[in-house]
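A short worksheet on the structure shown next.
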Amino acid sequence: MLSRRQFLATSAAAATLVSTRVSAADIKTLQVYIDGDTNISDWWNNILKPAFEAANPGHTFNVTITRGVADGNGTIAERALAALQAKADPQVDYFEEIEPASVAGSVEAGLWLETADSNVPNLKMINPAAVQTPIRLPYRGSQVLIAYDSAKVANPPKTFADLVAWAKANPGRFTYGRPDKGGSGSNFVIRAIHEANGQDPAAFTKDNFEAAKAEEMLQKGWAILKDLHPFTFGEGTYPAGNSPALQLLAQGAVDMIPAWSDMALQAINNGGLPETVKVVQLQDLALCGGFAYSAIPSNATDLEGALALANFMLSPETQTSCVRDIGGFPGISWDNLPADLKAEYIDVIPVSIPTFPSGDWQTAKNDGWYKNVATNIVRD
Amino acid sequence: MLDITKPSGGLAPGQTQRTGHGFQALAGLALVALPVGLLVTLILWPTVRMVTATVLVDGTLSPERYFAFFNDAYTMANLRYTLEMGLVSALAALGISFGLALYLRFSAGRIATMIHGLSLFPLFVPSIIISYALVRFLGPNGLLQLMLEQVGFTQYRTPYLTPVGPFLAFVWENIPLPVLVLSAGLSQVSDHAVEAARDLGAKAPRILWEILLPQMRRSLLIAFALIFMGIIGAFTVPYMLGPPAPEMMSVFMQRTLGNLHDPASAQVQAVVLMVISSIVGGFYIATMVKSSAGAR
């Protein structure tokens with residue numbers, strides 16, 4: 001057995017060895033923050049990281065997952081804003097996904113680095129469906145679809161009314177996730193609210209929230225969902241997130257759920273869902289979706305590396321991986337990707353992507369759902 | 001009367017005087033300074049700040065946030081659900097553990113050792129693992145349902161996403177700790193007392209009621225307080241296994257802070273839960289103090 005002295009000597013030598021090797025190579029590590037679901041953080045760690053290291057020798061990145069912790073990346077952005085004001089190190093170089101406008105005062109303070117095709121050349125290929133602004137880098141998209149087991153459902157619904165009719169005709173075979181715990185349930189709830197308000201997503205904007213009016217508009221949506229409530233799985237025991245909903249579908253406990261296009265396609269590809277599961281989009285008005293926007297804090301310690309990462313993310317190779325590996329749709333236009341890829345994934349190429357404003361509307365929607373729909377539980 | 005409740009290892013005569021001298025007293029204080037300092041800066045001070053923040057509305061003292069809390073039916077339903085869950089699960093876990101501890105106290109041999117090991121097993125399983133395991137085991141088309149259907153029982157209704165789900169997980173999770181506490185308590189009950197009662201013709205229920213339970217009151221209270229406080233503050237189990245509404249306070253608090261961006265209400269929820277925990281914690285401390293006073 002090693003004596004204590006020997007042990008200390010050996011470990012000190014080992015530590016020196018490690019530190020010299022690192023400093024000799026002079027590898028710069030970017031700090032990347034991710035609050036998206038597991039499929040996204042896994043993709044970054046397992047596939048993008050080695051590819052980025054190979055494409056940019058001397059650079060690597062470290063992923064920190066903030067999913068489910070306080071306000072996720074929003075909290076980290078607040079810390080970066082405080083660091084900007086204190087002229088300190090923000091300890092973050094890259095936000096995988098962030099809405100700069102939701103971090104109060106950050107845009108005015110100049111927290112976000114402006115990007116254009118001058119410093120991120122691949123931006124010239126950007127997907128026209130994505131709304132690019134100088135401080136937001138769209139790089140992947142997804143949309144909520146209806147996933148169903150084709151072995152049990154012969155005619156998948158084409159409209160929201162069809163969907164409700166199917167759910168009522170097949171009690172307990174449909175469910176959706178709680179709206180605050182994941183986008184698939186959230187966007188289904190939004191689709192019901194859209195349905196109740198003339199199928200018009202434009203009726204909800206970031207600036208038109210007004211408590212009394214909102215209450216009236218949301219109540220109409222709650223009426224639809226309360227009506228559906230007793231026909232959902234377990235008479236209203238909505239699963240707590242995107243993955244738990246997929247799990248119910250995988251276990252054959254339900255036959256139809258709303259699901260993120262990327263999560264569902266990835267699960268079908270890797271055997272997480274049976275091969276008989278298919279996806280379909282509603283034809284009268286699609287469910288919501290959108291692009292994930294990355295942003296770089298202007299006070300990042302390694303701006304050059306962060307810009308290299310941004311360019312890497314928008315390269316055709318990474319974007320092909322985005323489609324193949326995570327079932328997302330690309331942040332650059334399809335013309336820049338292999339033609340066979342487009343043919344293969346024609347189902348998820350969105351025609352229109354309705355959106356729902358963040359902020360007050362989201363809060364009112366989530367809390368309203370808990371107080372109006374979820375509490376209406378009848379148990380035997 | 002012989003005090004058979006007296007634990008071994010009490011203070012030896014004269015021991016209390018040892019700490020009385022200058023240098024040693026200082027050394028003792030220096031030793032406790034670090035933990036006490038951490039307690040004050042990391043727990044007490046933030047707590048005081050938070051409690052103060054909840055009663056200050058725009059700079060003036062006001063209980064209005066608490067009125068809002070107690071007047072909101074949804075919030076009160078969550079609080080009631082949390083307390084009921086804590087009470088029912090803690091009592092169930094305590095009952096099972098007491099049975100196990102009794103068995104272990106009066107049995108020996110390989111089977112007893114195995115049961116002892118098994119009863120401590122949940123101590124080493126994180127909540128997130130037990131939650132996932134229960135989803136697969138108790139969930140729809142899970143192992144239990146498949147086994148029941150093999151023997152012809154087809155009326156199974158999964159407890160997953162109903163209050164029964166977290167209840168089962170809490171009971172399973174909270175068996176080891178009371179088994180340890182109650183076993184320690186039971187080991188202090190002298191064999192002589194039990195044998196004497198038996199010789200006088202007392203049956204098992206009477207021994208339990210008149211010999212064991214009176215001496216176990218303190219251990220039972222301590223075990224109950226510990227698991228009750230653990231359950232009402234638990235997050236993962238109700239998040240993963242529980243119904244969407246009512247929510248347990250921890251899940252509700254996280255949603256209020258993270259999703260509704262309403263830290264003021266989340267703080268009020270935290271203070272209310274803390275006060276309830278403090279009351280139960282008070283019982284625990286009182287019991288502990290009484291027991292160490294009794295030992296002297």
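The sequence lines fix the lettering, A, B, ..., with proteins before strands; numbering per chain opens at 1.
Proximity to chain A (any heavy atom under 4.5 Å) is shown, for Asn78(B), by neither the backbone nor the side chain. Thr158(B) touches chain A through its side chain: at least one heavy atom from C-beta onward sits under 4.5 Å away, while N, CA, C and O do not. For Val135(B), the parts lying near chain A are the backbone and the side chain together; criterion is any non-hydrogen pair under 4.5 Å. Residue contact with chain A, scored on non-hydrogen atoms closer than 4.5 Å, involves the side chain of Glu247(B) exclusively.
Legend: residues meeting ring pair (Phe, Tyr, Trp, His ring centres under 6.0 Å) with Phe235(B), ordered by chain and number and at least two apart, are Tyr239(B).
Within a 6.0 Å radius of CD in Glu108(A), other residues, nucleotides and ligands contribute more than 12 heavy atoms. Tyr156(B) OH: more than 12 foreign heavy atoms inside a 6.0 Å radius.
Your options are Pro140(B), Gly139(B), Gly258(B), Gly142(B), and the one with the most heavy-atom pairs under 4.5 Å with chain A is Pro140(B).
Minimum interatomic distance between Leu161(B) and Thr237(A) (heavy atoms only, all atoms of both residues): CD1-O, 2.8 Å. Between Thr375(A) and Ala245(B), the shortest heavy-atom distance links the atoms CG2-CB, 3.8 Å.
Note that NE2 of His261(B) is 5.0 Å distant from CG of Asp71(A), once rounded to the nearest 0.5 Å. Residue Asn259(B) holds its CG atom at 8.0 Å from OH of Tyr370(A), rounded to the nearest 0.5 Å. Residue Arg136(B) holds its CZ atom at 5.0 Å from CD of Gln251(A), rounded to the nearest 0.5 Å.
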Side chain to side chain contact (heavy atoms under 4.5 Å, CB included) between Gln254(B) and Asp180(A), intermediate numbers included | CA-CA 11 Å; Gln254(B) 196 275 341; Asp180(A) 64 312; 5.8 Å; no
